[in-house]
Visitor: 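Structure below; questions to follow.
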2 protein chains.
Amino acid sequence: MKRAKKQNRSDIEERVQEFSRLCRKNDLRVTNQRLEIFRALLETVGHPTVEDVFHQIRTILPNLSIDTVYRTLTLFENHGLITRVQCLSDKGRFDPNLENHHHFICVRCKKIEDFYWPEFTDYSIPDEAMKLGMIQMKKVELRGICNECRRKGRNAHQKKHS
Amino acid sequence: MKRAKKQNRSDIEERVQEFSRLCRKNDLRVTNQRLEIFRALLETVGHPTVEDVFHQIRTILPNLSIDTVYRTLTLFENHGLITRVQCLSDKGRFDPNLENHHHFICVRCKKIEDFYWPEFTDYSIPDEAMKLGMIQMKKVELRGICNECRRKGRNAHQKKHS
DNA sequence: TATTTAAATAGGAACTATTCTTATTTAAGG
DNA sequence: CCTTAAATAAGAATAGTTCCTATTTAAATA
């Protein structure tokens with residue numbers, strides 16, 4: 001995992017400060033580990049994994065536990081301070097439908113529902129994106145809370161770290 | 001996992017037949033397990049997991065191995081006969097960028113790159129999709145082969161089941 | 001500034017999804 | 001029918017993630 005800087009040092013420190021305030025506002029204690037974890041996210045390009053973060057911080061906090069990284073990232077996610085990319089579910093899921101279609105994913109129960117949006121095919125993506133590589137598939141992902149989970153209320157949460 | 005029918009029996013059998021032909025065309029042997037696995041995908045609504053497929057077929061093939069389901073689904077995926085939903089990578093990845101942005105994912109190296117598409121915000125999704133639940137996030141996902149992997153050629157593949 | 005205490009952490013065990021290994025079975029061509 | 005390379009079953013091994021518990025610490029309060 002590259003550690004190239006996304007932003008310069010003072011920008012990062014500013015965001016860490018701002019983050020620190022956000023934690024207090026959310027009744028989250030401001031610990032060294034939490035700040036380092038957030039800083040690591042900012043310093044790493046390309047959506048780091050838990051392990052990337054863990055190894056990066058280990059040089060600073062030699063007895064950081066990997067469980068702390070898991071707990072903390074999930075905590076940040078649950079408070080909307082960061083987002084989780086791609087792997088909403090921890091289980092692979094498969095689709096025999098090769099037609100052009102899109103997905104709504106429930107962030108609570110991880111259900112994936114299809115929808116169709118024929119007009120979307122006509123919208124052309126920006127040049128910036130075209131240059132990233134050979135594109136094989138272009139689809140829309142919606143995230144939210146499905147009707148079923150809305151009915152059930154908060155208690156339907158999956159039970160991970162707080 | 002629900003087993004409600006997506007299509008009626010004869011539609012499914014027709015697709016299984018067609019699939020069988022496709023296998024031969026791809027130099028894949030047509031085994032009972034493979035046909036049952038594909039049939040299970042067709043019969044299950046909502047993008048089944050490996051375990052969903054496994055349990056469904058166990059009643060028909062009592063000593064099916066779960067490894068066969070893993071191998072077979074990955075094989076189908078590699079031949080473009082089905083797609084894998086959501087979890088391209090097997091590791092959670094996180095993003096501190098809460099701005100509205102989109103992702104290009106390399107199907108070979110699993111790298112995720114950001115791009116921006118301000119106009120996309122203005123496109124309104126179809127009613128069909130609005131009715132699925134409370135939508136919190138709307139983004140575009142591109143899949144393809146990144147420039148780096150294209151340079152490296154086929155050998156850059158991740159080494160899973162053939 | 002010192003004290004208190006609920007919350008956070010470290011460390012390691014446990015769990016779960018996925019992949020690997022090897023002996024056995026089988027599809028499909030001869 | 002035979003043959004053989006490919007596919008499978010069974011279970012071991014691995015890797016990512018979560019759980020458990022004793023210890024530490026942030027931050028509220030005296």
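In what follows, chains carry the letters A, B, and so on, assigned in the order in which the sequence lines appear, proteins first and then strands, with residues in each chain numbered from 1. Reckoned from all heavy atoms, side chains included, excluding hydrogens, waters and symmetry mates.
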Visitor: For B/Ile57 and D/dT8, what is the distance between atoms CD1 and P respectively, to the nearest whole Å?
Guide: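 Going from CD1 in B/Ile57 over to P in D/dT8 covers 11 Å.
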Visitor: Counting side-chain heavy atoms from C-beta on, which of D/dT17, D/dT8, C/dT19 comes nearest to A/Val50?
Guide: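 My answer, after comparing the listed nucleotides, is D/dT17.
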Visitor: If you compare every side-chain N and O of B/Arg71 against the phosphate oxygens of D/dT8 (OP1, OP2), does one of them come in below 4.0 Å?
Guide: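 Indeed, a polar side-chain atom of B/Arg71 lies that close.
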Visitor: In whole Å, what is the span from the CD1 atom of B/Ile66 to the P atom of D/dA13?
Guide: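 Atom-to-atom, B/Ile66 to D/dA13, this comes out as 19 Å.
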Visitor: Could you tell me whether A/Arg143 and A/Glu141 have a side-chain N and a carboxylate O separated by less than 4.0 Å?
Guide: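 Here A/Arg143 pairs with A/Glu141 in a salt bridge, since their nearest N and O are under 4.0 Å apart.
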Visitor: Report yes if a side-chain nitrogen or oxygen of B/Arg24 is closer than 4.0 Å to either non-bridging phosphate oxygen (OP1 or OP2) of C/dA28; otherwise report no.
Guide: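 It does, given that an N or O in the side chain of B/Arg24 lies less than 4.0 Å from OP1 or OP2 of C/dA28.
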Visitor: Check whether any side-chain nitrogen or oxygen of B/Thr68 sits under 4.0 Å from OP1 or OP2 of D/dT8, and answer yes or no.
Guide: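 B/Thr68 to D/dT8 OP1/OP2: no side-chain N or O under 4.0 Å.
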Visitor: Verify the contact: side-chain N or O of A/Gln33 to OP1 or OP2 of D/dT25, cut-off strictly under 4.0 Å; return yes or no.
Guide: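 A/Gln33 to D/dT25 OP1/OP2: no side-chain N or O under 4.0 Å.
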Visitor: Side chains of B/Gln33 and B/Thr72: is there a donor and an acceptor less than 3.5 Å apart?
Guide: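 No - no donor-acceptor pair under 3.5 Å links their side chains.
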Visitor: Using atom CZ of A/Arg58 as one end and atom P of C/dA10 as the other, report the distance to the nearest whole Å.
Guide: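 Going from CZ in A/Arg58 over to P in C/dA10 covers 9 Å.
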Visitor: Go through C/dA10, D/dC19, D/dA10 for me and flag the one nearest to the A/Asn63 side chain.
Guide: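 Nucleotide nearest to A/Asn63's side chain: C/dA10.
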Visitor: Determine the interplanar angle of the A/Tyr116 and A/His101 rings, folded into 0 to 90°, and report it as parallel if under 30°, tilted if 30 to 60°, perpendicular if over 60°.
Guide: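 Plane angle between 30° and 60°, so tilted.
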Visitor: Out of D/dT8, C/dA17, C/dG12, which has the shortest distance to the side chain of B/Arg34?
Guide: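 Nearest listed nucleotide: D/dT8.
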Visitor: Any strand counts, and the cut-off is 3.5 Å on both contacts for Watson-Crick or G-U wobble. Which nucleotide pairs with D/dG16?
Guide: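 Check on D/dG16: paired to C/dC15, both distances under 3.5 Å.
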Visitor: For B/Glu51 and C/dT18, what is the distance between atoms CD and C1' respectively, to the nearest whole Å?
Guide: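 That distance rounds to 11 Å.
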Visitor: Could you pick out which residue, B/Leu64 or B/Arg29, lies toward the 5' side of DNA chain D when each is mapped onto its nearest nucleotide?
Guide: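 Between the two, 5'-proximity favours B/Arg29.
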Visitor: Rounded to the nearest angstrom, tell me the gap between atom CG in A/Asp52 and atom C1' in D/dG16.
Guide: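 Result: 13 Å.
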Visitor: Say whether B/His47 and B/Asp52, considering side chains only, have a donor N or O and an acceptor N or O under 3.5 Å apart.
Guide: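 Their side chains do not contain a donor-acceptor pair, so the 3.5 Å distance test is not met.
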Visitor: It should be established whether B/Tyr70 places a side-chain nitrogen or oxygen under 4.0 Å from OP1 or OP2 of nucleotide C/dT19.
Guide: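 For C/dT19, neither OP1 nor OP2 has a side-chain N or O of B/Tyr70 closer than 4.0 Å.
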Visitor: In whole angstrom, what separates A/Leu61's CG from C/dA8's C1'?
Guide: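 One finds 14 Å between C1' of C/dA8 and CG of A/Leu61, rounded.
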Visitor: If you check every side-chain atom of A/Val30, which of C/dT19, D/dA27, C/dA8 has the closest atom?
Guide: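 Shortest atom-to-atom distance from the side chain points to D/dA27.
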Visitor: It should be established whether A/Ser65 places a side-chain nitrogen or oxygen under 4.0 Å from OP1 or OP2 of nucleotide C/dT9.
Guide: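 Result: no.
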Visitor: Could you state the atom-to-atom distance from CG of B/Asp67 to C1' of D/dT14 in whole Å?
Guide: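 In whole Å, D/dT14 C1' and B/Asp67 CG are 13 Å from each other.
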Visitor: Please state whether the rings of A/Phe115 and A/His102 are parallel, tilted or perpendicular, taking 30° and 60° as the class boundaries.
Guide: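 Rings of A/Phe115 and A/His102: tilted, 30 to 60°.
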Visitor: Go nucleotide by nucleotide along DNA chain C from the 5' end; which of B/Leu28 and A/Asp27 gets its closest nucleotide reached first?
Guide: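 Looking at the nearest nucleotide for each, A/Asp27 comes out on the 5' side.
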Visitor: Please determine if A/Glu36 and A/Arg39 form a salt bridge, counting it only when a charged side-chain N lies under 4.0 Å from a carboxylate O.
Guide: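 Yes, A/Glu36 and A/Arg39 are salt-bridged.
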Visitor: Measure the distance from CD1 on A/Ile60 to P on C/dA10 and round it to the nearest whole Å.
Guide: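 It works out to 13 Å between those atoms.
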Visitor: Verify the contact: side-chain N or O of A/Thr31 to OP1 or OP2 of C/dA7, cut-off strictly under 4.0 Å; return yes or no.
Guide: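 Result: no.
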